[in-house]
Every structure is written in C-alpha cells, then in structure tokens.
Amino acid sequence: MSEKTPDPVFDFGPRDSADRTLDVQREVEYEMPVDRLEESQPQCPFGTAGSCCDICYMGPCRVSDDDQYGQDRGVCGATPGTVVSRNLYREIAGGVSAHSHHAREAVELLSEIADGGVADYEIKDESKLRTIAADVGVQSDGDVNEVARAVADAAAEDFAPGGETLNWIQRMPAEQREHLDEQGLLPLSSVDQQASRALAQTHQGNDSDTEHILGSAISAGIADGYAGLTMATDLQDIIFGTPTPTNAEAHLGVLEEDQVNLAVHGHSPQLSEMVVKAARELEDEAHAVGAEGINLVGICCTGNELAERHGIPLAAHSLQSELAITTGAVDAMVVDIQCIWPGISDLMECHHTQLITTMDYVRMREAKHIPFEEETALEDAKQIVREAIEGYEDRQRRQKYDVNIPDRSQQAMVGFSDTAILDVLETIDPENPAQPIVDAIQAGQLRGIVGIVGCPNPKMREAEMSEKLIENLLAADVLPVVTGCIGHIMAQGGYLDPGRVDELAGDGITELLHALGDAAGLDGPLPPVLHMGSCVDNSRIGNVIRAISEGSGIPTRDLPVAASAPELIAEKAVSIGTWALSLGLPLHTAPGLRIEASDVVTQVLTEDLKDITGGHLIQDETPDGAAEKIIDALDERRAPLVDDDVLASADD
Ligand code: BF8
C-alpha cells in the first residue's frame with residue numbers, strides 16, 4: 001500500500017457502503033451505485049408493477065387490475081394484460097438481441113478462421129467442433145476447416161430468414177423440443193427476425209391478446225437460449241478452448257500495486273483472449289518502465305471467461321466495477337459489450353485510469369476508443385496493453401492519490417464446463433453419465449439442482465440475497481450451479497472452496513461432492529457451488545440438463561431442476577429466465593418481474609404455464625422464502641422419481 005498521506009481536500013473519511021466491498025478509506029466522496037440507488041428513492045411504483053405504457057404518445061398511461069397502479073384501460077383501450085405482457089416481451093427482446101449479437105460475432109470469427117482470413121485466432125477444441133457439427137446436422141468428418149465452415153454456415157443461417165426454425169434448436173433436449181413444437185412455441189428461423197418481430201408485434205395497435213403475446217415471449221426466450229447463449233458458448237469453446245476445473249483468486253485484493261494493472265471488462269473472449277496474448281508478449285515493456293509485470297484482472301462476465309480458461313483473477317462483478325477504479329491501482333480498463341456501467345466515466349476525472357472502448361456500438365464518455373478488429377486483433381490488443389503500461393507510468397509520476405487496494409482475496413475453484421462435469425459423471429458410469437445423478441436423486445442424496453444465474457443488484461446486496469439463498473439450498477441437499485456475476489459473489493464469499501463442503505452442505509450432497517471429487521481425481525470433494533462460467537454459459541447448465549434428460553428418459557419438465565436469478569438486473573437475465581421456463585423449469589426471480597399490474601399475466605406465468613411448457617414463475621425477495629418455494633417445487637418433481645421411504649427420510 002502507498003504510504004503517501006491522503007490529500008485533505010479529498011479526504012472525506014470512510015463511508016458506509018451497502019455493497020460491503022471496500023474496507024478502504026475513500027479519499028474522495030465518490031458516488032457509487034448504492035448511493036445513486038438511495039437518491040432514486042422512491043422508485044416508480046407504476047414501472048415496478050409493469051403498468052406504465054409509454055409505447056405511444058397518447059400516454060404514458062397507467063393500466064392495472066389494481067386501482068393503486070392505474071386505470072383499467074389505456075387511452076387506446078389496452079388492457080392491463082396487454083400492457084404488462086408487451087412490456088415483458090420487449091424486455092425479453094432486449095436480452096435476445098444482446099445475446100444473439102454476441103453469438104453473431106463468434107459466428108463471424110469462426111467463419112473467418114475457416115477461410116484462413118484471421119492470423120491471430122485458431123480452432124482450439126477440434127473435438128467440440130466435430131461434436132457440435134454432428135449435433136446440428138452438418139459435415140462433422142474430414143478437413144477441420146471444412147467442418148468449421150459448415151458449422152459457421154449453419155450458425156449464420158440462424159440470422160437469416162428461411163427454413164422452419166433455428167438450426168441451433170437441435171441443441172435443445174429432444175423431448176422438450178417436440179413438446180414445445182406441439183404447442184406451436186418454437187421460434188422463427190431467424191433470431192434477428194424473432195427480435196424485430198417483438199418490436200413490431202408490440203407496436204401500438206398490433207397484438208393485444210395477452211396469452212398470444214406471452215406465447216411469443218416464450219418463443220423469444222427459446223431463441224435466446226439457442227441462437228444466443230448456446231451458440232455463443234459453443235463457438236467460443238471451439239475457438240478458445242473448453243474450460244476445465246482450475247483455481248483463480250477473487251476480489252479486489254488481486255490488484256497489485258507494483259504491476260501494471262489492466263482490467264478487462266465486458267463479455268467477449270474475442271477481445272479478452274487477445275489481450276491475454278498481448279500482455280504475455282509485452283511483459284518486457286512493462287519491466288522497462290519499472291513495473292514487476294502485467295497483472296490482467298477480469299471484471300463481470302469477461303472475468304468469468306478469463307478465469308475459467310486461464311485462471312486469471314476475478315477482480316470484481318459489475319456492481320464493483322466502479323470500486324475497482326477507486327482503488328487508484330487500475331492503470332487501464334478496457335471494455336467491449338454489455339454491463340459496462342456509465343458511472344465508470346465519472347470516475348475518470350479523479351483517477352489516472354485510462355478507460356478504453358473497443359466496439360463500434362459501445363462508446364463512453366471520457367474513454368479513448370481503440371477499434372478492435374479481428375483482422376488486426378493482436379496489434380489492437382498490444383495497443384491496449386501499451387495504454388495500460390503508460391497508465392502505470394502516469395501513476396508513478398502523479399502519485400496524486402493513494403493507491404488503496406483492499407486486503408481481500410479468496411481462492412476459488414472455477415471452470416466447471418458442461419464437458420468437465422459430464423466427463424466426471426462418465427468416469428463413474430461410462431455407459432450413461434446421467435445415471436449417477438439419477439441414482440443420487442433416487443437415493444435421497446441429491447434433492448435437486450438449481451442454476452443460479454445473473455447479476456448483483458444493489459437492491460438485494462445488503463440482504464446478501466445470493467449468499468443466503470444458496471446457503472439454504474446447500475443445507476437442504478440442493479446443489480447450486482452458478483454463472484455470471486453470481487460466480488464472482490460466490491468466489492469472493494468462499495463458496496467455491498472445496499474445503500467448505502462439510503461446513504455448508506447437507507449430508508447427502510456432501511457425500512455426492514466427495515464421490516464426484518474422487519472420480520475427478522481431485523484431492524478432495526468438488527466445491528459446494530459449481531462455477532459454470534459467464535452468462536452465455538448458462539447454456540452449459542442447459543447442456544447438463546439435456547444430458548440428464550436424454551440419458552434418463554425423464555423430460556426436463558419433470559426433473560428436480562430449477563433456475564433462479566436472485567438479484568436480477570438485466571434484460572438479458574429476463575430472457576435467460578424465459579428460456580428456463582421454456583425448458584419446463586421453475587424460475588425464481590428477485591426483484592420480481594414487473595407483472596403485478598396484470599392478474600392474467602400473473603396467473604399465466606405462475607400457474608397456467610405448468611400445463612404448457614411445464615415451468616412456472618416464483619417471485620420472492622427473501623432468501624428464506626425463495627429457498628422454501630424452490631425446494632417445494634423440486635420436491636414436487638422429485639416425488640414421482642423416488643421411493644416413499646427416501647422422501648420421508650429427506651424430510652426428517
Ligand atoms: O451477462 S450477470 S450484471 S455481467 S447481466 Fe451483467 Fe448481470 Fe453481470 Fe454478464 Ni449477466
């Protein structure tokens with residue numbers, strides 16, 4: 001830590017921070033997300049209930065079944081169901097657009113690799129390439145570039161009109177896919193068309209049939225699951241390698257005062273992988289300016305991508321990205337797409353940090369823009385790393401503010417890709433990797449699995465919603481698997497430490513995690529919570545569910561598996577949740593989705609959907625209440641699969 005005395009002008013002393021992140025004394029009265037949340041109170045009750053309709057200029061109208069949230073019809077005659085379902089569908093379309101755009105960039109890169117048009121990238125996982133090719137029904141044998149071309153073409157078709165539905169829908173569990181097909185819920189053949197359809201369909205004076213709008217919303221969620229999440233992960237694994245369990249350090253204590261600290265923030269491995277390469281090549285330049293080395297650290301989902309493939313430290317989740325800057329130790333922060341909070345720009349005038357944007361459609365105030373092109377990727381990445389080296393020199397020169405790195409870090413085991421998990425299960429049962437999971441369910445060892453996904457919401461952080469929910473689940477022999485920023489929360493809290501299994505988990509899954517750890521050849525159990533990657537890597541959870549369903553013959557809508565977004569922020573999380581509903585899973589969210597203003601929407605999503613996709617929505621903002629409801633939903637599914645005496649002993 002620097003010994004420089006804080007400048008009294010900036011020394012406002014320590015402040016409480018509900019995000020519980022920094023112990024350090026802040027020298028400047030920074031405005032953090034928790035402060036801005038406080039200032040924004042009271043938040044709009046009409047928006048919260050989903051009753052606000054601002055899609056035309058006769059409004060905004062407030063339309064609700066409950067008098068306190070508005071009148072019963074909009075000026076155009078729209079019902080509460082119309083307004084609430086349209087708003088929800090538009091949120092989902094935002095998520096689908098973001099994820100499919102991410103996937104499309106991977107498609108374009110694979111296409112260029114197949115043509116030999118990009119020198120800096122290659123195919124790292126040929127076996128996965130061939131597996132995916134076979135799964136989507138294209139050429140999987142022969143020359144690797146030909147297979148890559150076939151896969152890239154099949155993926156590109158999912159962005160163009162024509163055909164009946166998406167090619168990537170082949171990656172969905174077969175029985176559930178047929179079930180949804182019978183319900184007429186499969187998405188359009190182009191994910192772009194599906195997203196723009198959402199805007200057209202919800203334009204003023206178009207679709208006003210609540211159930212029909214909700215059906216389309218489910219189709220959009222399926223499109224997100226396959227032409228967004230799954231396609232992105234598939235192609236990223238092919239190009240950058242499929243993760244295997246590895247160790248990484250987490251929390252802001254991973255910043256190093258004597259090194260060049262370069263924070264990589266966003267979502268796309270195209271950029272971050274190249275920055276890793278460039279940083280390795282430019283170590284000497286860092287030494288030449290007196291730094292001990294280049295310390296790359298990851299923020300939000302880029303953090304997950306880098307940790308799962310390289311063990312690079314997980315510095316901060318999205319809510320902590322501004323705090324990272326306030327340490328005064330970050331010499332450059334490079335960003336690409338999604339979850340890059342605009343508040344970061346305001347901190348640039350207080351710190352030497354160089355903020356760098358790279359993508360054409362994501363620009364920020366106070367940032368230097370370095371266009372990142374695949375054709376010149378390594379050179380572009382080197383320019384970014386050199387900005388960080390200059391930032392380090394600037395930090396040494398200025399010494400204007402203390403460097404204040406919190407003394408917090410935590411070891412975490414990450415990198416549980418679907419392949420890694422299925423490999424372990426295959427070690428136990430080479431014939432059928434689903435069997436050990438079915439056996440554990442039937443023996444009462446495993447009460448269920450919950451995919452816990454998404455974001456750190458400042459509204460829920462003070463209550464430690466994710467931590468408490470997960471502790472409740474673990475104690476009840478429910479296995480949590482996590483992605484996205486929840487992965488950071490878990491890593492920082494020590495939940496990814498195999499040494500804590502006995503302390504946190506119930507007897508049943510403790511036994512299971514030890515058995516799986518033995519099968520994996522580890523010197524102990526798997527960690528109590530399995531880190532499965534970034535938000536697009538929710539597809540990995542989908543792939544494990546598919547393997548269990550297809551290997552056991554149990555439809556996904558009957559498996560004791562649920563999803564939860566306990567601190568939901570982004571539209572992307574809403575579309576991921578909708579995909580989970582389409583798989584027939586119970587879905588918990590907190591904060592609750594904005595549906596309170598419509599009795600019809602609430603009824604459809606919390607009850608009627610059980611008879612359509614098999615899924616249903618659970619809303620609860622308390623960790624105890626949410627855990628109880630999720631466990632009840634799991635037990636309901638587990639009951640037909642196990643003997644009565646096993647059920648009775650689990651209840652004891
Ligand atoms: O996509 S978890 S805040 S970083 S939206 Fe964003 Fe939420 Fe973090 Fe990754 Ni996912």
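Side-chain atoms are counted along with the backbone in the values below, which use heavy atoms only and exclude waters and symmetry mates. Predicted, not measured: the structure shown is a model, and the values here were computed from it. Each ligand, and each atom within it, is numbered from 1 in the order the structure gives.
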Student: Consider ligand 1: state whether an atom of it lies below 4.0 angstrom from any non-hydrogen atom of Gln338.
Tutor: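 Gln338: no contact with ligand 1 (<4.0 Å).
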Student: What atom name does the N, O or S atom of His267 nearest to atom 9 (Fe) of ligand 1 carry?
Tutor: NE2
Student: Is Arg104 salt-bridged to Asp192, going by a charged N under 4.0 Å from an acidic O?
Tutor: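 A salt bridge is present here (some side-chain N lies under 4.0 Å from a carboxylate O).
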Student: Can you tell me which residue pairs pass the salt bridge (charged side-chain N to carboxylate O under 4.0 Å, His left out) test with a partner in residues 317-330, sequence neighbours excluded?
Tutor: Arg36-Glu322
Student: For Asp237, give me all partners under salt bridge (charged side-chain N to carboxylate O under 4.0 Å, His left out), at least two apart in sequence or on another chain.
Tutor: Lys128, Arg309, Arg540
Student: Just by distance, no angles: are the side chains of Lys572 and His267 close enough, under 3.5 Å, to form a donor-acceptor pair?
Tutor: yes
Student: Leaving waters out, which protein N, O or S atoms fall under 2.8 Å from atom 8 (Fe) of ligand 1?
Tutor: Cys485 SG
Student: With a 4.0 Å cut-off on N to O distance, would you call Glu249 and Arg408 a salt bridge?
Tutor: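 Between Arg408 and Glu249 there is no salt bridge, as every charged N stays at least 4.0 Å from the carboxylate O atoms.
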Student: Can you sort out the partners of Asp125 under salt bridge (charged side-chain N to carboxylate O under 4.0 Å, His left out), two or more places apart, ordered by chain and number?
Tutor: none
Student: Charged N to carboxylate O under 4.0 angstrom, Arg171 versus Asp135?
Tutor: yes
